[in-house]
Protein chains: 2
Amino acid sequence: MQDEQFKSNTRRAVHDLRELIFSGELAAGTDHLESELAERLNMSRTPVREATLMLEAQGLLEVRPRKGVRILALSADDMDEIYEVLTELESLAAALAADAQYCKKDLNILAQSIDDMEVAVTNEDRVAWAKADADFHHELVRLSKNSRIMAIVSNFNDQVRRARMTTLHIRPLPQKSNEEHRALYDAIVSGDSKAAREIHWNHRTSARKMLTELLDSHGLKRV
Amino acid sequence: MQDEQFKSNTRRAVHDLRELIFSGELAAGTDHLESELAERLNMSRTPVREATLMLEAQGLLEVRPRKGVRILALSADDMDEIYEVLTELESLAAALAADAQYCKKDLNILAQSIDDMEVAVTNEDRVAWAKADADFHHELVRLSKNSRIMAIVSNFNDQVRRARMTTLHIRPLPQKSNEEHRALYDAIVSGDSKAAREIHWNHRTSARKMLTELLDSHGLKRV
DNA sequence: TTCCTCATTAATGTATACATTAATTAATTC
DNA sequence: GAATTAATTAATGTATACATTAATGAGGAA
């Protein structure tokens, strides 16, 4: 055990590599040898190998022996695939949340994140908005009480993280978005799973359309 | 490199451990130390460690240091979660397949597996039926042209494999099942994505209900 | 008998040496 | 100059030694 916080070097490597990938320091499309990563992380190759296997399973990189570990870049097709699944599973989560008949107290975090988004839009604080938006979606999926949906959604959100951060500062300030969040909240409060599913599906579909158009209009073929 | 067929011991370990898990030889709920598995597979601990990390990511086992690698057993709740996702994503796949406007030639494999199922039911050959059924579902998802849906569905099918094999010999011979397969095929041929989605959703939902009831009535709490 | 402490054991995580293998470079042939 | 072969280099996969750590068992005190 080399690091108190992470209990093992493998776990630290997973964490640190994720940070490097999301920050763009390990840029999408670049290749890195095990030995390079091991040096960079100041540990032997063994935990680095273990970490890269785990990150490959998360879809963040591809292990290519002798050519280097490639940090995966998403193509437009990748984005389409991911958002097809994300839209579907989050909409299912919304329906399940509505079916669960939560009382208002159980929905506090959801309501709070909507308010936070409102404040962020008023202040034109895009970073705060993005955080509150992520909190809303995360909480929505948690309310489905299906841990597997949570795992898949979380993983796909990791994969699109760079694209979302890239577009955060070039997209229009989200005005309509929160109306849809509120409508979804209301549908969940009233236990209307059909409405919840549709509202969220439309919300996600338009968000997806905007994301892909932005990337396209800025000539970002891979991100 | 120790094994020609698999290029590496790690890959062979993944393969062999999967076989052992699906066959029940490594029984659900049992714990196994790295050293035990290494002996069993006749290799050192290193590739075994790598393989168990990969299989953990596939949801087939849980790595529990010093307590042993636990072969995961599915509870009724697990089954619910898995089938919730499977139903949703396969139904999406069905809709995408219908949207794709395939010509009949492209749907040959789908049609063939329906015929194979018909023959299997006539012959009361449950194993052949199960194979044809799996082929049908696999082909359906492939027709969606979304590799991520394919990966998720494939992985969840792995997780429920033992449960399905367990119930294969105690369930009623599937008569109605193939009617639904044919109806789905027709909906895809005619490009009716709404019908495709609904037909498959109903098909999957009743199959799920039957599976969980069978496990329940036989007192199988975990499988 | 129960609880606590300490010693022992063994399982794990890691670093490293080494055999294998793939890629690159150099030398030779046409 | 291009193609082929041979030699060299380095990246990988693996086994193993070892340090660390968690679990277990033994012994002693209350």
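Because the structure is a prediction, the values reported are computed rather than measured. Below, each value reflects all heavy atoms present in this structure, side chains not excepted, and no hydrogens, waters or symmetry copies.
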Worksheet item: Do any N or O atoms from the side chain of Asn155(B) and from the backbone of Gln58(B) form a donor-acceptor pair under 3.5 angstrom?
Response: yes
Worksheet item: Are the side chain of Thr30(B) and the backbone of Leu26(B) linked by a donor-acceptor contact shorter than 3.5 Å?
Response: no
Item to complete: Hey, can you tell me if His181(A) and His137(A) have their rings parallel, tilted or perpendicular (30° and 60° cut-offs)?
Response: perpendicular
Discussion item. Whether Arg11(A) engages the ring of Phe6(A) as a cation-pi pair (distance to the six-membered ring centre under 6.0 angstrom, angle to the ring normal within 45°) should be assessed.
Written reply: no
Tell me: [atom1] of [X] to [atom2] of [N], nearest whole Å?
X        : N       : atom1 : atom2 : result
Glu34(B) : dT14(C) : CD    : P     : 11 Å
Glu36(A) : dT12(D) : CD    : C1'   : 15 Å
Arg11(A) : dT14(C) : CZ    : C1'   : 15 Å
Leu41(B) : dT14(D) : CG    : P     : 12 Å
Asp31(A) : dA11(D) : CG    : P     : 13 Å
Asn42(A) : dG13(C) : CG    : C1'   : 16 Å
Phe6(A)  : dT12(C) : CZ    : P     : 22 Å
Lys7(A)  : dT14(C) : NZ    : C1'   : 18 Å

Worksheet entry | Close residues, residues 44-57 of chain A, relative to DNA chain D [heavy-atom separation under 4.0 Å] | Arg45(A), Arg49(A)
Worksheet item: Going by heavy atoms closer than 4.0 Å, what residues in residues 59-67 of chain B are next to DNA chain D?
Response: Arg66(B), Lys67(B)
Name each donor-acceptor pair under 3.5 Å that joins a side chain in residues 60-72 of chain A to protein atoms two or more places apart or in another chain, with its distance.
from, atom 1, to, atom 2, distance (Å)
Arg64(A), NH2, Asp31(A), OD2, 3.1
Arg70(A), NE, Asp31(A), OD1, 2.8
Arg70(A), NH2, Asp31(A), OD2, 3.1

Discussion item. Can you see if the side chain of Thr10(A) gets near the phosphate of dT14(C) - specifically, an N or O under 4.0 Å from OP1 or OP2?
Written reply: yes
Could you grab the distance from atom [atom1] of [X] to atom [atom2] of [Y], nearest 0.5 Å is fine?
X         : Y         : atom1 : atom2 : result
Leu220(A) : Leu215(A) : CG    : CG    : 5.5 Å
Arg162(A) : Thr166(A) : CZ    : OG1   : 8.0 Å
Asp135(A) : Leu110(A) : CG    : CG    : 10.5 Å

Worksheet item: Charged N to carboxylate O under 4.0 angstrom, Arg197(B) versus Glu88(A)?
Response: yes
Worksheet, complete the sentence: Among dA11(D), dT14(C), dG13(D), the one nearest any side-chain atom of Leu33(A) is dA11(D)
